[in-house]
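After the structure tokens below, expect a handful of questions from me.
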Amino acid sequence: MGETAPDDGISLRVFLDRYSRILILAGIVVFMAVTRPDAFWTMSNLSAVAFQQAPFMILMSFGMTLAIITKGIDKSMGSVLVLSSVLGAGFVKNGQFLLGISLALAVGIACGLVSGILITRVGVAPFIATYGVEWVALGLAFVYTGNVYIYDFPQEFREIGTGRIFGILPNLALVTLAVFLVLHFMMRKTVFGRKVYMVGNNFNAAALSGVDARNTVTIVYIVNGLLAAMTGILYMARLNAADPGISAAFTLDSIAASLIGGTSFGGGKGSVAGTIVGALIIVFIRNGMNIWGVHTTWQQTAVGFVIIFSIFLEATTQKLTAFAAGKRKTGE
Amino acid sequence: MKKWFPVLACAALLAALSASAADSRVEGKAVTMILKNFTNPFFITVREGGEAAAKEYGIDLTVLAPLKADNNEEQTHMVEQAIVSGADLVIMCPSDTMGIIPAMEKLEEAEIPVINLNTRIGGDRKLAKTFVAIENFECGYESVTRLVNMMGGKGEFIILEGVSGAQTSIDRVKGAHAALEKFPGVKLVAQQPADYNRAKAMDVTQNLLQAHPNVRGIYCCNDEMALGAVEAIAAANKTGQIFVGGSDGNADALKAIRDGKMALTCHTDPYNQGYQSVVAAAMALRGEELPDLFRVSIKVIGKEDL
């Protein structure tokens with residue numbers, strides 16, 4: 001995905017790499033559509049999943065994917081989402097939407113900047129730096145709210161997350177699509193995107209070859225903070241509450257979506273397009289199991305199996321590559 | 001909310017209260033209260049009740065809860081910390097009925113008495129002086145009975161459970177089932193856990209409504225999940241068509257009931273639960289005999305009760 005490879009002997013690898021996840025997703029959708037056409041294969045169900053449930057996980061997973069591509073991880077995203085949304089919530093409830101949203105985004109950026117500085121200037125490992133920020137952000141959120149929920153926002157605000165442009169296109173889906181296009185373009189077509197992959201492949205080599213590696217990584221974490229804050233605002237509009245209890249689920253889901261979407265913890269490999277597929281797989285598994293009436297506790301197990309399968313796939317494609325390369329060398 | 005408390009559970013408590021609010025044997029004693037979390041308004045109110053009683057008795061009360069909601073590991077550490085810092089008594093509201101037992105055994109070893117609050121400590125041995133709680137079975141039974149009556153005694157029904165394995169949820173669900181048995185016209189079409197969590201309940205309800213579009217009633221084991229269900233119902237443009245029942249009686253839920261979005265809640269009187277647990281603690285510190293159960297009464301609240 002991030003790299004180019006010779007043409008011969010690798011078609012199976014490319015196929016597995018590019019399309020295996022889409023096949024899993026298609027398999028889930030087809031299975032559900034055949035077995036429960038009444039409840040699953042309906043406009044209202046598909047649009048509820050795709051336009052109301054999936055966008056939040058997709059937005060968060062975009063950020064996680066970028067962090068993992070730089071060979072890092074952002075444990076703090078869920079907590080940053082909570083902190084930015086509770087800080088913005090007070091103003092939003094009073095009708096000062098612009099102020100509330102700006103404050104939330106600023107908080108997200110600030111948290112990302114702190115993580116970025118800790119990682120690149122202080123030299124703390126990404127897991128530990130963002131783990132620290134996770135605790136601080138969630139702690140501040142609790143201190144600020146005084147443990148009182150902020151509930152029931154003005155209808156005009158809720159329209160941001162639940163409304164539709166021209167009465168047809170859901171805002172949430174449009175925002176997600178816009179963010180996807182920006183990030184996809186950034187990672188594929190810009191110098192910055194190339195730098196992110198280079199830094200992930202080998203931080204020191206990238207730095208030695210003149211890439212401002214530290215700034216690149218810092219910017220990635222700032223983007224994550226921004227995405228977390230954005231998700232928080234939209235989620236507040238959907239849930240009609242600023243809920244400090246949702247942080248952990250969001251972080252873990254987004255790591256799962258990135259992994260299932262083909263992002264490698266080895267760094268330097270992955271794509272935001274793959275992440276969308278990863279997130280959709282998780283959301284459709286949950287939706288399907290709810291419709292089938294399977295106990296929700298099984299969903300965790302099912303998602304776990306898909307994660308393991310994805311990692312297995314990852315390892316297999318690497319072996320295939322090595323095998324193909326070996327064959328070429330020996331002239332077979 | 002204040003009009004229901006203090007609803008005192010039994011006469012013995014009344015006597016205890018009036019007799020010796022300022023008792024030198026209790027004054028200045030250090031009591032640690034460990035709750036499940038500070039993210040659910042329910043436990044914030046428990047804390048307020050506990051703090052009010054502690055002030056009356058002159059007890060030095062510390063209230064703690066895990067940062068990661070409902071985390072047994074953190075609760076265990078808090079117990080260990082209470083032992084080290086020399087607490088005279090621990091009021092325990094365990095997230096994990098069985099998981100907390102080793103920590104309770106440590107308290108027993110250190111000869112620090114325990115008052116069990118809200119959720120029962122598991123195991124066969126009696127590790128606490130007394131259990132301060134509501135009857136969760138009754139709560140589920142009364143709520144569902146009233147909810148089904150609102151539905152006209154018939155229609156499809158869904159139950160949202162709390163965290164898997166939580167005793168409060170298990171007992172409320174048992175009560176709900178017992179109530180449903182009285183109504184042959186009601187069909188329980190789905191029962192799923194949504195972890196006492198608003199966001200999760202919203203997604204689960206949204207998905208379940210796809211499979212069961214004709215649902216007429218949803219009973220949720222707490223108000224947070226009920227409020228999530230309310231938002232899912234609003235997203236499906238079905239507000240007013242489905243009767244949603246919660247449990248706890250928190251402020252958001254009462255507002256939703258007033259607005260006609262929620263049908264009812266069961267006021268489990270968190271303030272009084274917290275208050276009574278400290279009263280029981282004071283009695284224990286004075287060396288008085290305690291009954292096995294301090295029962296805090298419940299009340300089902302619909303729109304006409306507000």
Side-chain angles (χ1 to χ4, degrees), chain A residues 36 38-42 44-49 51-54 56-57 79 82 134-135 138-139 141-143 145-152 158 161-162 235 237-250 283-284 286-300, chain B residues 35 37-45 47-48 63 65 67-71 158 160-161 163-165 188-213 223-224 227-228 230-232 234-237 250-253 255-256 259 261:
Chain A
R36 289 301 301 271
D38 55 317
F40 181 82
W41 197 247
T42 61
S44 80
N45 184 55
L46 294 178
S47 70
V49 175
F51 300 144
Q52 292 179 40
Q53 296 176 9
F56 302 103
M57 199 195 289
S79 298
V82 168
E134 179 189 16
W135 281 79
L138 198 58
F142 285 139
V143 170
T145 56
N147 303 312
V148 176
Y149 265 55
I150 303 166
Y151 171 62
D152 213 13
R158 299 203 59 206
T162 57
Y235 205 75
R238 167 169 157 84
L239 194 61
N240 201 14
D243 177 355
I246 55 173
S247 65
F250 260 121
V283 181
F284 271 116
R286 292 199 175 138
N287 176 252
M289 291 178 95
N290 278 153
I291 285 177
W292 267 107
V294 181
H295 213 257
T296 46
T297 39
W298 279 102
Q299 293 170 5
Q300 178 122 355
Chain B
L35 302 177
N37 60 63
F38 285 146
T39 55
N40 187 334
F42 178 88
F43 290 106
I44 318 301
T45 314
R47 179 174 73 182
E48 286 165 9
V63 187
L67 185 63
K68 291 252 185 307
D70 308 327
N71 185 315
I158 290 177
L160 293 189
E161 303 170 15
V163 177
S164 285
L188 181 63
V189 292
Q191 180 176 325
Q192 291 274 332
D195 300 352
Y196 282 146
N197 179 296
R198 192 185 303 208
K200 190 152 187 192
M202 183 173 180
D203 282 349
V204 170
T205 308
Q206 194 163 45
N207 291 337
L208 290 176
L209 286 180
Q210 296 299 333
H212 311 288
D223 281 341
E224 283 303 310
L227 289 160
V230 160
E231 294 306 330
N237 290 322
N250 73 37
D252 290 358
K255 182 175 187 317
D259 295 346
K261 293 177 185 167

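So you know, we letter chains A, B, ... as the sequences are listed, proteins then strands, and number each from 1.
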Contact winner vs chain B - A:Val49, A:Asn45, A:Leu138, A:Asn240, heavy-atom pairs under 4.5 Å:
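Looking at each of A:Val49, A:Asn45, A:Leu138, A:Asn240 in turn, A:Asn45 comes out on top.
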Please identify each residue that fulfils salt bridge (Lys or Arg N to Asp or Glu O under 4.0 Å) with B:Asp70, with sequence neighbours left out.
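Testing B:Asp70 for salt bridge (Lys or Arg N to Asp or Glu O under 4.0 Å), a comparison that skips the adjacent residues, returns none.
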Over all heavy atoms of both residues, which pair between B:Ala211 and A:Ala39 is shortest? Give the atoms and the distance, please.
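Looking at all heavy atoms of both residues, the shortest contact is CA-CB, 3.4 Å.
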Counting only heavy atoms closer than 4.5 Å, note whether A:Asp152 contacts chain B via side chain, backbone, both or neither.
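For A:Asp152, side-chain heavy atoms alone lie under 4.5 Å from chain B.
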In terms of heavy-atom pairs under 4.5 Å with chain A, the winner among B:Asn37, B:Leu67, B:Leu227 is B:Leu67
Looking at chain B, which one of A:Gln52, A:Arg36, A:Met289 has the largest number of heavy-atom pairs inside 4.5 Å, strictly under?
A:Gln52
So A:Arg158 and B:Glu231, do their side chains get closer than 4.5 Å, heavy atoms only?
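Result yes, sub-4.5 Å side-chain heavy-atom pair found.
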Below 4.5 Å from any heavy atom of chain B, which atoms of A:Phe40 appear? Answer side chain, backbone, both or neither.
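A:Phe40 has no heavy atom closer than 4.5 Å to chain B.
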Non-hydrogen atoms of chain A under 4.5 Å away: do they reach the side chain of B:Leu209, the backbone, both or neither?
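No part of B:Leu209 comes within 4.5 Å of chain A.
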Partner chain B: residue of A:Asn287, A:Val294, A:Ile291, A:Asp38 with the largest heavy-atom pair count (under 4.5 Å)
A:Asn287
Which answer fits A:Thr42, side chain, backbone, both or neither, if we ask what part of it has an atom under 4.5 Å from a heavy atom of chain B?
side chain
Test side chain to side chain donor-acceptor pair (under 3.5 Å) on B:Gln210 and A:Asn290; report intermediate values, then the result.
CA-CA 9 Å; B:Gln210 296 299 333; A:Asn290 278 153; over 6 Å; no
The criterion is salt bridge (Lys or Arg N to Asp or Glu O under 4.0 Å); which residues satisfy it with B:Glu161, sequence neighbours excluded?
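For B:Glu161 there are no salt bridge (Lys or Arg N to Asp or Glu O under 4.0 Å) partners, ignoring immediate neighbours.
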How many angstroms lie between CD in B:Glu224 and OH in A:Tyr151, if you round to the nearest 0.5 Å?
9.5 Å
With a 4.5 angstrom heavy-atom cut-off, could you sort out which part of A:Arg238 is near chain B: side chain, backbone, both or neither?
both
Engaged part of B:Ala190 at the chain A interface, taking heavy atoms whose separation is under 4.5 Å:
neither
Considering only heavy atoms, which portion of A:Val283 lies under 4.5 Å from any heavy atom of chain B: side chain, backbone, both, or neither?
neither
Contact part of B:Asp259 toward chain A, heavy-atom cut-off under 4.5 Å: side chain, backbone, both or neither?
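Answer is side chain: those atoms of B:Asp259 sit under 4.5 Å from chain A.
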Check whether B:Asn197 gets within reach of chain A through its side chain, its backbone, both or neither, counting any heavy atom under 4.5 Å.
side chain
Do any N or O atoms from the side chain of B:Gln206 and from the backbone of A:Gln53 form a donor-acceptor pair under 3.5 angstrom?
no
